[in-house]
Amino acid sequence: MPHESKLKLDRIGYWSEIKLDIVKRYASEYSKILAAQPSPGFYHVYIDAFAGAGMHVSRRTGGFKPGSPLNALLVTPPFREYHLIDIDREKVDILRELVEQRRPEQCAVHVYEGDCNSVLLTDVFPTVRYEDYRRALCLLDPYGLHLDWKVVETAGRMRSIDMFLNFPVADMNRKVFWRNPAGVAESDIARMNAFWGDESWREVAYTTDKDLFQMMEKTDNETIAGAYRQRLRDVAHFKRVPRPLPMRNSKGSVVYYLFFASQKPVASRIVEYIFDKYRKRGQS
């Protein structure tokens, strides 16, 4: 493991390991289907917007756990091209070393250091245009409210991208959805607006007007996730958005929802099948 002593790798829990397994399973099916298309077929690409160092440490076992980029590099048949992005320079350095050790032959692997919200729109998405017979599987797995809606909406309107997305509802509850909204930091409100795409989250997040103590009643997590699912369909124009998978911590609380969005019925059916296998396994 390169640079192990120089960087503390992310420690991930059981629910995060499930997420990695889900993405790996779908990536394998996706690559098989796209690679089997009659010539000239589709040029299929893997995109990881919050790639990290490519390796984690399991909280359950204490051992190393390959991250989503390494899992994607091991998919057979391989993707034709890989785009891996992270904003942390140390993690990017480790990722580059790991990629060099595992790069599939005759496959292009691009590793970017930078903010995925700009890198995706300027450098990556333009390479997977629908009219060029290019297709992509994109993983958007932010650490918190660090993703812009413009990225999600662009992916949907391009019609060429299947997408997994981490909807960090626990971070929203911690930073934004307070019973006293007046106490929320302006910077957190701005991040929430950017993630949601506008301020309509306010209408979803609260069920009543302020009470005598100037407090608000918060909507439940499932309602909030349902409203975002509707935005993926109505605003981002993804035709297929299965019910998201709630991912829980060891106490059973929902930490985030794993969304999938696509244009294709077959993609939705595959993910629904995978989600159903794990739906009751989100807590250890």
Side-chain angles (χ1 to χ4, degrees), residues 12 15-37 41-56 64-86 95 98-99 101-112 116 120 124-125 127-128 133-142 151-152 155-156 158-167 238 240-242 244-245 247 256-279 281:
I12 62 171
W15 60 96
S16 292
E17 294 187 38
I18 285 179
K19 173 187 62 186
L20 291 172
D21 289 342
I22 289 171
V23 175
K24 179 171 64 175
R25 288 185 64 178
Y26 181 75
S28 178
E29 294 301 317
Y30 179 91
S31 190
K32 288 176 186 176
I33 293 171
L34 271 291
Q37 297 299 309
F42 295 110
Y43 187 99
H44 65 299
V45 174
Y46 176 81
I47 302 168
D48 201 324
F50 297 84
M55 189 72 73
H56 307 293
F64 292 125
K65 179 78 174 178
S68 48
L70 298 192
N71 286 337
L73 289 170
L74 294 174
V75 163
T76 56
F79 288 81
R80 300 285 297 277
E81 196 169 306
Y82 300 80
H83 295 270
L84 313 176
I85 310 164
D86 202 88
L95 180 61
L98 292 173
V99 164
Q101 297 169 14
R102 294 163 175 81
R103 179 194 300 268
E105 292 184 9
Q106 300 178 337
C107 293
V109 182
H110 308 277
V111 181
Y112 308 81
C116 72
L120 288 171
V124 180
F125 283 178
T127 71
V128 290
Y133 296 94
R134 293 192 170 219
R135 300 294 184 266
L137 172 59
C138 180
L139 174 58
L140 302 174
D141 190 14
V151 168
V152 175
M158 287 181 68
R159 299 179 296 144
S160 59
I161 296 175
D162 282 10
M163 178 186 75
F164 281 101
L165 182 145
N166 172 353
F167 184 77
F238 282 104
R240 304 286 174 168
V241 186
L245 183 64
M247 310 299 268
Y256 61 88
Y257 288 88
L258 183 61
F259 274 93
F260 176 78
S262 176
Q263 307 296 344
K264 299 297 183 181
V266 64
S268 182
R269 287 196 296 269
I270 292 171
V271 167
E272 285 173 341
Y273 175 81
I274 297 172
F275 275 7
D276 286 344
K277 290 288 186 181
Y278 290 95
R279 197 163 289 279
R281 295 178 57 193

What distance do [X] atom [atom1] and [Y] atom [atom2] have between them, rounded to the nearest 0.5 Å?
| X | Y | atom1 | atom2 | value |
| --- | --- | --- | --- | --- |
| Y278 | L245 | OH | CG | 10.0 Å |
| D48 | C116 | CG | SG | 9.5 Å |
| I18 | I12 | CD1 | CD1 | 11.0 Å |
| E272 | R279 | CD | CZ | 8.5 Å |
| D141 | L258 | CG | CG | 8.0 Å |

Restricting to non-hydrogen atoms, name the atom on [X] and the atom on [Y] that form the minimum distance, rounded to 0.1 Å.
| X | Y | value |
| --- | --- | --- |
| C107 | F79 | SG-O, 3.1 Å |
| W15 | M247 | O-CE, 3.2 Å |
| A49 | L140 | CB-CD2, 3.5 Å |
| F238 | M163 | CE1-CE, 3.8 Å |
| M158 | V128 | CE-O, 3.5 Å |
| I47 | A136 | CD1-CB, 3.8 Å |

I want to check something: taking the side chain as every heavy atom from C-beta on, are [X] and [Y] in contact at a cut-off of under 4.5 Å?
| X | Y | answer |
| --- | --- | --- |
| S268 | P242 | yes |
| F125 | I161 | yes |
| P104 | L73 | yes |
| L98 | L70 | yes |
| R240 | K264 | no |
| L20 | H56 | yes |
| F259 | V241 | yes |
| I33 | I270 | yes |

Is there a donor-acceptor pair under 3.5 Å between the side chain of [X] and the backbone N or O of [Y]?
| X | Y | value |
| --- | --- | --- |
| S31 | P77 | yes |
| N166 | P142 | yes |
| S28 | R25 | no |
| Y82 | V111 | no |
| Q263 | G156 | yes |

Worksheet item: F164 and V271: side chain to side chain contact (heavy atoms under 4.5 Å, CB included), yes or no, with the steps?
Response: CA-CA 10 Å; F164 281 101; V271 167; 4.1 Å; yes
Discussion item. Are F167 and Y256 an aromatic pair, judged by ring center distance below 6.0 Å?
Written reply: no
Fill in: Residue among R135, H110, E81 satisfying side chain to side chain contact (heavy atoms under 4.5 Å, CB included) with V45
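It is E81, the one option of R135, H110, E81 that forms the side chain to side chain contact (heavy atoms under 4.5 Å, CB included) with V45.
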Discussion item. Less than 3.5 Å apart, any donor N or O on the side chain of Y26 or D162 sitting next to an acceptor on the other?
Written reply: yes
Discussion item. For L139 and Y46: C-alpha separation, side-chain torsions, deciding distance, then whether side chain to side chain contact (heavy atoms under 4.5 Å, CB included) applies.
Written reply: CA-CA 8 Å; L139 174 58; Y46 176 81; 3.9 Å; yes
Practice prompt. Could you check V124 against I85 for side chain to side chain contact (heavy atoms under 4.5 Å, CB included), going step by step and ending with a plain yes or no?
Written response: CA-CA 10 Å; V124 180; I85 310 164; 4.2 Å; yes
Worksheet item: Should D86 and L95 be marked as a side chain to side chain contact (heavy atoms under 4.5 Å, CB included) after you check the CA-CA gap, both sets of side-chain angles, and the distance that decides it?
Response: CA-CA 9 Å; D86 202 88; L95 180 61; 5.5 Å; no
